[in-house]
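Heads up: the structure comes next, in structure tokens.
Hydrogens, waters and symmetry mates play no part in the numbers below; they use all other heavy atoms, side chains included. Below, chains carry the letters A, B, ... as their sequence lines are ordered, and counting in each starts from 1.
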2 protein chains.
Amino acid sequence: MAQLPPVVARMWGREPVPRRGPRPRLDLAAITAAAIEIADAEGLAGVSMSAVATRLGVAPMALYRYVGNKDDLLIVMADSAVPPPPDPGGLTWRDYLAAWTRANRDILLARPWLLSIQGDTPPAGPQRLRWLDRALQALGETPLDDGEKFNTVTALTGYALTSATLVHATGAGGREGEAGIAGAAEYGEILAEVLDPQAYPTLSAMMSSGLLGRSEDWVEDADFTFGLDLLLDGVEALIRRRTRRRHDRK
Amino acid sequence: MAQLPPVVARMWGREPVPRRGPRPRLDLAAITAAAIEIADAEGLAGVSMSAVATRLGVAPMALYRYVGNKDDLLIVMADSAVPPPPDPGGLTWRDYLAAWTRANRDILLARPWLLSIQGDTPPAGPQRLRWLDRALQALGETPLDDGEKFNTVTALTGYALTSATLVHATGAGGREGEAGIAGAAEYGEILAEVLDPQAYPTLSAMMSSGLLGRSEDWVEDADFTFGLDLLLDGVEALIRRRTRRRHDRK
DNA sequence: CAATAACTGTGTACGTCATACACTATAAGT
DNA sequence: ACTTATAGTGTATGACGTACACAGTTATTG
């Protein structure tokens, strides 16, 4: 039997309840909440152990009774910063997954610092797994097998993540500053300025025709919806294939 | 006109050539190469300014003549760690994009530390843009408009990224250790152990039926190919639609 | 009721890291 | 020969993560 990594165990409240000693003034939830507030306000860079401790009115070392180290804290943050998934109120699988993916992306836009954590962590907390569960549930009625469902969700997750990254990186998400590029328009200009049409024929042609000039629409639904439909069309095609002649996968 | 952020400028060799002073012993390429070697060997955590400097036989502060700060260095690394994209040797758009996406994922599997950087950075370096260019080029013959092409590539990139993350996170990629979970099987066990069937009906059912038990296949092509085809089917459907009745987008 | 054991939060200390600043050495232009 | 811009160095600083020993607190045990 595999042992639960300590933080994961605590995320699920599977830690033995202490029977002796002073009543704890903190708990994992409070610590995480404080850390998230800081991240929202100042970005991940502002989240230091002392900053979190200060906000809780506590010495930095106190936190180590609840998290093994800072990485642990980040993992827990990455889970509890995620709100519950949308409710499947009698929607078709397609409508639900569309809403699901958009909500997914919106979370990442609202908390860009999640981008720096999620890219590295498998979903193992209650929230992220609830999202996973709901998406799989939406596919429950379809003739896809488990692996296919799982991969479908993976693809959707990836799309949400990449879209959010793009929006955030080009600055259209609102925040700018930081390391340089601040806005899709400027991004386009920079590319146009630098691209050698010979080495980058297609891209530079696109840039001169002003693709990214008007691309504050990255945040708008139009572009996002397009890619989303792309994926869902693929799923739908597969489902139709499976429905017509029912045979095993592969 | 937008100014080039200094690092980006240097990535493209657009820096004024120095006319006086001692001959430089370093250049951005050498620094980046050293940093990448360290990242490959010890992970991103091993990449400190002093570590890189030591490897180059130079004082840490010397690096700051070439990069403004450490984040700059990471940005440059994220670009130059990427090899040239596969060659479109008379392939159909579909075959090429399939190869392209798989190659994309393989890079991320070979250098997992890229996952921690790419999630945050827009592609602005020569390598990443070359990849973008080739993918767009592959779609050149299709009736999709520029925005649609761009979004298609975004979706594919996202899929590669998420797949790689999943493989790497569940440990099937080879490396383990670090923060806990080490291997898809163990991951599955942990989930099975922790999931309340009432709160996670679908997911826990899948787990008990052993979905992740046999999922060392995540690295295998089977699962990856499935999701990829999902996407490409979507693209193909769109192309067919566009080809039949040719009207503007939206 | 006293003694013990388990637990919480603190204070201090250390090693690492990114980076600012002042300096020396070097080579090109005058 | 002299000036001047540049390259790499040495030293210093402040922030950060975290190890460790301790003091205070509470439930359990005798």
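- Counting only heavy atoms from C-beta outward, the side chains of His168(B) and Thr165(B) never approach each other to under 4.5 Å.
- Residues Arg105(A) and Leu161(A) are not in side-chain contact: their nearest non-hydrogen atoms beyond the backbone lie 4.5 Å or more apart.
- Atom pair Tyr64(A):OH and dC16(D):P shows a separation of 12 Å (rounding to whole Å applied).
- One can place CG of Asp27(B) at 16 Å from C1' of dT6(D), the figure rounded to the nearest angstrom.
- Summarising the geometry, the separation between CE on Met49(B) and P on dA20(C) is reported as 10 Å, rounded to the nearest angstrom.
- The salt bridge (Lys or Arg N to Asp or Glu O under 4.0 Å) search around Arg65(A) returns none, not counting sequence neighbours.
- Straight-line distance from the CG atom of Leu73(B) to the P atom of dC17(C): 14 Å, rounded to whole Å.
- Comparing the local axis fitted to the first five base pairs of the helix from dC1(C)-dG30(D) to dA28(C)-dT3(D) with the one fitted to its last five gives a bend of 0°, rounded to 10°.
- Nucleic acid contact class of Ala59(B) (heavy atoms, under 4.0 Å, all strands): sugar-phosphate only.
- Residues Leu166(B) and Phe150(A) are in side-chain contact: their nearest non-hydrogen atoms beyond the backbone lie under 4.5 Å apart.
- Of the listed nucleotides (dC16(D), dA20(C), dG11(C)), dA20(C) has the atom at the smallest distance from the side chain of Met61(B).
- Side chain of Arg130(B) to backbone of Pro85(B): no donor-acceptor contact under 3.5 angstrom is found.
- We find that CG of Leu44(A) is positioned 12 Å from P of dG17(D), with the value rounded to whole Å.
- Here the P atom of nucleotide dT9(D) and the CG atom of Leu56(B) are 11 Å apart, to the nearest Å.
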Would Trp100(A) and Tyr159(A) satisfy ring-ring contact (aromatic ring centres under 6.0 Å, His included), going step by step from the backbone distance to the final call?
CA-CA 12 Å; Trp100(A) 185 92; Tyr159(A) 181 62; over 10 Å; no

The contact string for nucleotides 22-30 of chain C, one letter per nucleotide 5' to 3', using protein heavy atoms under 4.0 Å with B, S and - for base, sugar-phosphate only and none, comes out as ---BBBBS-

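- Scanning for side chain to side chain donor-acceptor pair (under 3.5 Å) contacts around Glu42(A) gives an empty result, with sequence neighbours left out.
- A sub-4.0 Å separation between OP1 or OP2 of dG8(D) and a side-chain N or O of Tyr66(B) is present.
- The nearest whole Å value for the distance from the CG atom in Asn69(A) to the P atom in dC16(D) is 17 Å.
- Not a single ring pair (Phe, Tyr, Trp, His ring centres under 6.0 Å) links Tyr64(A) to another residue, sequence neighbours left out.
- Checked against side chain to side chain donor-acceptor pair (under 3.5 Å), Arg102(B) has the following partners two or more places apart in sequence or in another chain: Asp221(B), Thr225(B).
- At whole-Å resolution of the value, CD1 in Ile38(B) and C1' in dC17(C) are 14 Å apart.
- Among dT18(D), dG9(C), dT9(D), the nucleotide with an atom closest to any side-chain atom of Leu26(A) is dG9(C).
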